[in-house]
Amino acid sequence: MPLAEDITVPNGDSGGCGFGADWSTDGYREFGPVRVSVGIEQPSEDEPGAGTTLVIQTTERSRTGEFQTVSVNTALVRLEENGRSYPARFVDPEVRPNYSSDRFRQQVYRSEFPRGTGIAANVRLVFGEGAVTINGRPVEYPPVRFKRRETVSVYLFPCLPT
């Protein structure tokens, strides 16, 4: 989970059914109407060859229908842990627009770090100059530290309002 000292972290479970779910796997920074979210995902046990996945999502709202030109180069993002640094590798070089309309645009970028990385108690993502650009200009994206989550969330279904 990202550290709130480094990045804005959404609070809790958006579905509202979680107890002990005051955590998030990603965080975001805003640059005017553009929100850039970053997160890391661990592979499941049935994916033994997979590495830790870097997910960067850009979201923009526009009142006029005109959008900024947002670009992410995940090759300029490194994962640091235990004194070592690992570059991100493209899993799928195609940018995936999650959702787009005349007033809202969202894109997802995914890359992977080598197998066995991202499991230390404390890791951080470091963004090189030009990793995130808006209208062709690099924006500063300071490092984001993550810590391993040691607690479990409990979900109750159906969700009943209290």
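Treat the numbers as computed from the prediction; the structure is a model and nothing was measured.
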Practice item. Determine the minimum heavy-atom distance between Gly130 and Pro138, stating which atoms define it. Key: N-CB, 3.8 Å

Point to revise | Value rounded to 0.5 Å, distance of OG in Ser111 from CD1 in Ile40 | key: 13.5 Å

Review point. With a 4.5 Å heavy-atom cut-off, do Pro142 and Arg29 have their side chains touching?
Key: yes

Study note, to complete from the structure: Nearest heavy-atom contact between Pro114 and Arg89 is CA-NH1, 3.6 Å

Study note, to complete from the structure: Looking only at heavy atoms, the pair that brings Gln107 and Val70 closest together is OE1-O, 4.1 Å

Point to revise | Reported OH-to-CD distance for the pair Tyr86 and Glu112, which is rounded to 0.5 angstrom | key: 14.0 Å

Point to revise | Identified side chain to side chain contact (heavy atoms under 4.5 Å, CB included) partner of Val123 from the options Glu81, Arg145, Lys147 | key: Glu81

Point to revise | Interatomic distance, Arg110 atom CZ to Gln57 atom CD [nearest 0.5 angstrom] | key: 10.5 Å

Exercise for review: Give a yes or no on whether the backbone of Gly65 and the side-chain of Ser62 come within a donor-acceptor separation of less than 3.5 Å.
Suggested key: yes

Practice item. Let me know which of Ile56, Leu54, Asp6 forms a side chain to side chain contact (heavy atoms under 4.5 Å, CB included) with Leu125. Key: Leu54

Check your understanding: Just wondering, do Gln106 and Thr58 contact through their side chains at under 4.5 Å, heavy atoms?
Key -> no

Review point. Under a 4.5 Å cut-off applied to non-hydrogen side-chain atoms, are Val38 and Tyr141 in contact?
Key: yes

Practice item. Check the pair Arg115 / Thr117 against side-chain contact (heavy atoms from CB on, under 4.5 Å), numbers first and verdict last. Key: CA-CA 6 Å; Arg115 185 173 162 227; Thr117 60; over 6 Å; no

Exercise for review: Give me the one residue out of Thr74, Val139, Asn73, Val144 that meets side chain to side chain contact (heavy atoms under 4.5 Å, CB included) with Phe127.
Suggested key: Val144

**Study point:** Heavy atoms of other groups near Glu129 CD, more than 12 under 6.0 Å
**Key:** no

Review point. Just how far is it from atom CZ of Arg35 to atom CD of Glu30, taken to the nearest 0.5 Å?
Key: 4.5 Å

Check your understanding: Hey, quick one: are Ile134 and Val72 part of the same hydrophobic cluster, counting side-chain heavy atoms closer than 4.5 Å, chains of contacts allowed?
Key -> yes

Check your understanding: Looking only at heavy atoms, what is the nearest atom pair of Gln68 and Arg105, with distance?
Key -> O-NH2, 2.6 Å

Review point. Nearest heavy-atom pair of Ala131 and Val77: which atoms, and what distance?
Key: CB-CG2, 4.2 Å

Review point. Shared ILVMFWY cluster between Phe31 and Tyr109, side chains joined below 4.5 angstrom?
Key: yes

**Study point:** CZ-OG1 distance between Phe113 and Thr52, expressed to the nearest 0.5 angstrom
**Key:** 8.0 Å

**Study point:** Basic-acidic side-chain contact under 4.0 Å: Glu66, Arg103
**Key:** no

Revision key, fill the gap. Tightest non-hydrogen contact, residues Ile7 and Tyr28, listed as CG1-O, 3.2 Å

Exercise for review: Answer yes if the side chains of Arg78 and Ser85 hold a donor-acceptor pair under 3.5 Å, and no otherwise.
Suggested key: yes

Practice item. Supply the atom-to-atom distance Phe67 CZ to Arg61 CZ, rounded to the nearest 0.5 angstrom. Key: 10.5 Å

